[in-house]
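Just so we're on the same page: letters track the sequence lines, and every chain starts at 1.
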Amino acid sequence: MTTDISPPDTTVPAAGVVVPEKPTLDGLEEKWIAEWASSDVYAFDRAAALAAPRDRTWSIDTPPPTASGSLHVGHVFSYTHTDFVARYRRMRGKHVYYPMGWDDNGLPTERRVQNYYGVRCDPSLHYDASFEPPDKPGKEQVPVSRRNFVELCMRLTEEDEAEYEKLWRRVGLSVDWSDVYRTISESSRATAQRMFLHNLARGEAYAQEAPTLWDVTFRTAVAQAELEDRERPGAYHRIGFSSREGVVYIETTRPELIPACVALVAHPDDERYQPLFGKTVRTPLFDVEVPVLAHRLAEPDKGSGIAMICTFGDLNDVTWWRELQLPTRPIVGWDGRILADPPPGVPARPYDELAGKTVFSAQQRIVELLRESGHLDGEPTPITHPVKFFEKGDRPLEIVTTRQWYIRNGGRDADLRDALIARGREIQWVPEHMRHRYENWVEGLNGDWLISRQRFFGVPFPVWYRLDDEGEPLYDDPILAPEETLPVDPSSDVPAGFTESQRGRPGGFMADPDVMDTWATSSLSPQVASGWDTDPELFAHVFPMDQRPQAHDIIRTWLFSTVVRSHFEFGSAPWSHATISGFVVDPDRKKMSKSKGNATTPIDVLERYGTDAVRWRAAGARPGADSPFDETQMKVGRRLAIKILNVGKFMLGLGASAALSADQVTEPIDRALLATLAGVVDEATAAFEAFNYTRALEVAESFFWSFCDDYVELVKSRAYRSDAAAQSAQATLAIALSVQLRLFAPVLPFVTEEVWSWWQAGSVHRAAWPVASELPSGGDPAIVTVAAESLAGVRKAKSDAKVSMRADVQTATIIAPAEQAPLVEAVRSDLTDSGRIAQLSVLEGSGPLTVQVVLAPAEE
RNA sequence: GGGCGCGUAGCUCAGCGGUAGAGCGCUCGCCUUACAAGCGAGUGGUCGCAGGUUCGAACCCUGCCGCGCCCACCA
């Protein structure tokens, strides 16, 4: 595609109409992106909005894309879906509040910064104001202070965000670019901290020392919503525990956890183990005495029916440990290695054989030891089984006891769970069935929401702890940052009544070391985007927001967590509508992956087919439905855009102009055409009201093609004339063009704006959405159908004879039902003109309309 | 194992109780003074399978089969 936007040669077919000689899609994007920016077409008029009733505003809680990620065609589609709605609502006269945000805090950014600059964060280092990262990342990551690291995060995300903005402008998103937020910005941090303090004050947030799912690579806790299962090879090891009643065999995939064993458990009804309940057995190798207990969660038909409870191998262990009130014998450290010292009561030998090893190596060693000691019965049986992973991690999760912050989410409270499900029912889901995903998730929660992360680039908890005389933190009595001081960074800010020199000293204080999970801040996107912390007047007007667009994969995370925060703070749902997009998938129906290659890079596709064509294809993916990536479809959209250019030019050349009005439409076929169009307008409007942009486009497009192929063909010779009938055609063409450009404007913003600009003032995107009442009433749509059928009959005869459509017809006889014959008469002259019919007879007949044609002899 | 969605023309999908539809593809034509990046005419389907309800079922009900997504299970 060329970028030549120099003004093309123009003709001036009618007053005020300026049409290029050779219309082209090339250069339209550059031209209109610049024009829209300079004329602020999409600016939100805050004063006017606030002065108007609430329902004149449409506010959108745009998903802030992860700034450090990479956008693919799927993102382009779903953001475009939102833009369809935004543009429609704007044309309906709404003040559309449509900000864009960037989700730039959190682990994805940290990872990108580490790789991009070749650095890693070492919080023990001091800030180096002159630090510059190496030009190219070296083999060894350079350790930098937390502040240096955060600065690099800020720098890189700013660069990334500028690129994103360019792409979104290219996609034609009608966001107000003067209103962009970042989840790491000062006001976002203040919002997140303030909201957290409110949660804390109301008892919705709390800290607890508890077993937590732990990623050993990132060395951070992770939340239930961030888990995923992956199939991993493993093996059942059949291992004997000795007891007075004889050897008891358990089967385990994690024999390295034997030193962490605190009990065996079987189902209370399992007769095999009845005699053992209440007795003890001794662990192999370590000879630690552990009880045999009964619990309903033990499954008799799994393994040998009796399981080893370790602290902690999996979430079942946590349940058993808690409900059976067992002691803790932790052996896995934060780094995923076996702790240097055995837990109390576990002998140093052979524990020292495992200490410091990775879980994997420890398993190998312990199997050797078990084999030598004879405790291993037979050989391990290889299996494949699902193992829990952090969705962004690549090593299995461990469970480690740590102190973490939580927000209640109903996972441990049935009343709250019910309240949150009720909130979900206040939201109108598009499509409706997506509500089930929400309810399914809420009903399956098994614990509160863990929001703290042991990371660096995020919103810190605005909390310090006093240190006692031993230098131990007094967690029960935290020092909270006063709200007027937010945002704070407790690792550099000092709480009132202390000095920096007291940091980390006995009798002094320490900062809470953690940051909030990215969902803990992005769950506040309505607050951040709407100015809860910065512009209360605006917030009061636009919140609860009207629309939350997002994809279905993050209902359990972003959508749910946003509902939780809104429920607690405002006692309401955060939005009235949740519009859920599907994915763009491979031809084989798999979710499109980023590694799929250049073909799906958005900018590449946009350049090859043009933005309007890509948007047209996006409109073909109904709300919530996955859609396969198929480039041949883009060509169809491109064809439509070109057709709009060409027919627009032609219609204006025929004399259509903005000066003509509906009362000049006198011919029956013209009135009929506009009556049909009125029906199309009604249908498209109803579809858009239901967020069904696919249907809205479909009806407009279907009308448009028959309009071009039938109506324009029928009337063009009449329109060339200069009598009242010609004027009727010209007025009809003008009205039809205006209405159709507006119908297409939300989906095809560039080409519609281009054609609009040839003969209308202002932007089509600020023009009013068409309504049936602006079209003359009383036309009979049946005339259009009858005319099209008649014309088709003539065309078929020419096509069958393999002659040009220009071939002359000697006689044509249309035999039509009694009620249709007069309709044919009403279009007689248009029919004879466009069909080149010398003599047309119209007869009444009984069957459906038929056309008999005698072609004129071919001229030499 | 539970939930949700989906199986209609070669492909992508509408239709969701009254004679099977669109676009793409394919075939055959046509330089027609807007567009050959176009126009015209065709081709193509026991609507996943089996029962049931109904005068009538692609559409409603039941049960299967297949595909996809989410969740659970992890001894």
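Between B:C69 and A:R437, no contact under 4.0 Å exists linking OP1 or OP2 to a side-chain N or O. Neither OP1 nor OP2 of B:A34 sits under 4.0 Å from any side-chain N or O of A:K643. OP1 or OP2 of B:A72 sits under 4.0 Å from a side-chain N or O of A:Q224.
Counting any heavy atom pair closer than 4.0 Å across all strands shown, A:M308 reaches no nucleic acid atom. Counting any heavy atom pair closer than 4.0 Å across all strands shown, A:K802 reaches sugar-phosphate atoms only and no base atom. At the heavy-atom level, A:I250 lies nowhere under 4.0 Å from the strands shown. Using a 4.0 Å heavy-atom cutoff across all strands shown, A:N440 reaches at least one base atom of the nucleic acid. Counting any heavy atom pair closer than 4.0 Å across all strands shown, A:D229 reaches a base atom. Using a 4.0 Å heavy-atom distance criterion, A:R254 is classed as making no nucleic acid contact. Here A:E439 lies out of heavy-atom contact (under 4.0 Å) with every strand. A:T694 comes within contact range of no nucleotide atom at all, as no heavy-atom separation falls under 4.0 Å. As judged by a 4.0 angstrom heavy-atom cut-off over every strand, A:A625 is placed among residues making no nucleic acid contact. Residue A:Y438 is classed as having no contact, given no heavy-atom separation below 4.0 Å to the nucleic acid. In this structure, A:E701 reaches neither bases nor backbone, as no heavy-atom distance under 4.0 Å exists between it and the strands shown.
If A:A792 and A:M434 are placed on RNA chain B by their nearest nucleotide, the residue sitting closer to the 5' end is A:M434. Heavy-atom nearest nucleotides on RNA chain B were determined for A:H552 and for A:E231, and the one closer to the 5' end corresponds to A:H552.
The gap from the P atom of B:U33 to that of B:C28 amounts to 25 Å, rounded to the nearest Å. Rounded to whole Å, the separation between the P atoms of B:G18 and B:C73 comes to 45 Å.
Distance A:R622 CZ to B:G15 C1': 10 Å, rounded to the nearest Å. Counting to the nearest Å, the P atom of B:U12 and the NZ atom of A:K635 are 16 Å from each other. Atom pair A:L791:CG and B:C39:C1' shows a separation of 12 Å (rounding to whole Å applied). If you take CZ of A:F583 and P of B:C4, they are 20 Å apart, rounded to a whole angstrom. Going from atom CH2 of A:W705 over to atom C1' of B:C39 covers 11 Å, rounded to whole Å. To the nearest angstrom, C1' of B:C70 lies 12 Å from CG of A:D626. Residue A:L640 contributes atom CG, which lies 12 Å from atom C1' of B:G23 at whole-angstrom precision. Separating the CZ atom of A:R639 from the P atom of B:A37 is a distance of 10 Å, rounded to the nearest angstrom.
Using a cutoff of 4.0 Å between basic side-chain nitrogens and carboxylate oxygens, A:E398 and A:R254 are scored as salt-bridged. Salt-bridge check for A:D833 with A:R718: failed, with every basic side-chain N at 4.0 Å or more from each acidic carboxylate O. A salt bridge between A:K388 and A:E228 is absent, with no side-chain N of the basic residue lying under 4.0 Å from a carboxylate O of the acidic one.
Nearest to the side-chain atoms of A:R806 among the listed nucleotides B:U32, B:C35, B:C4 stands B:U32. Nearest nucleotide to the A:K796 side chain, out of B:A41, B:C24, B:C30: B:A41. When the nucleotides B:C24, B:C13, B:C35 are ranked by their closest atom to the side chain of A:T632, B:C24 comes out on top. Comparing atom distances between the A:V636 side chain and each of B:U32, B:G23, B:G5 picks out B:G23 as nearest.
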Task: Residue pair A:F704, A:F744: steps toward the ring pair (Phe, Tyr, Trp, His ring centres under 6.0 Å) verdict - done: CA-CA 10 Å; A:F704 174 73; A:F744 283 129; 5.5 Å; yes
Open item on the list: What verdict does the side chain to side chain contact (heavy atoms under 4.5 Å, CB included) test give for A:L748 and A:T611, after you've listed the backbone C-alpha separation in whole Å, the side-chain angles of each residue and the deciding distance to 0.1 Å?
Closed with: CA-CA 8 Å; A:L748 309 172; A:T611 296; over 6 Å; no
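Taking the ring centre of A:Y609 as origin, the terminal cationic atom of A:R638 falls outside the region bounded by 6.0 Å and 45° from the ring axis.
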Task: Strand RNA chain B as a dot-bracket string - pairs counted if Watson-Crick or G-U with both distances under 3.5 Å, | where the partner lies in another strand - done: ((((((((.[[[[.)..(..]]]].(((((.......))))).....[[[[[..)....]]]]])))))))....
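By the 30° and 60° cut-offs, the orientation of the rings of A:H81 relative to A:Y693 is parallel.
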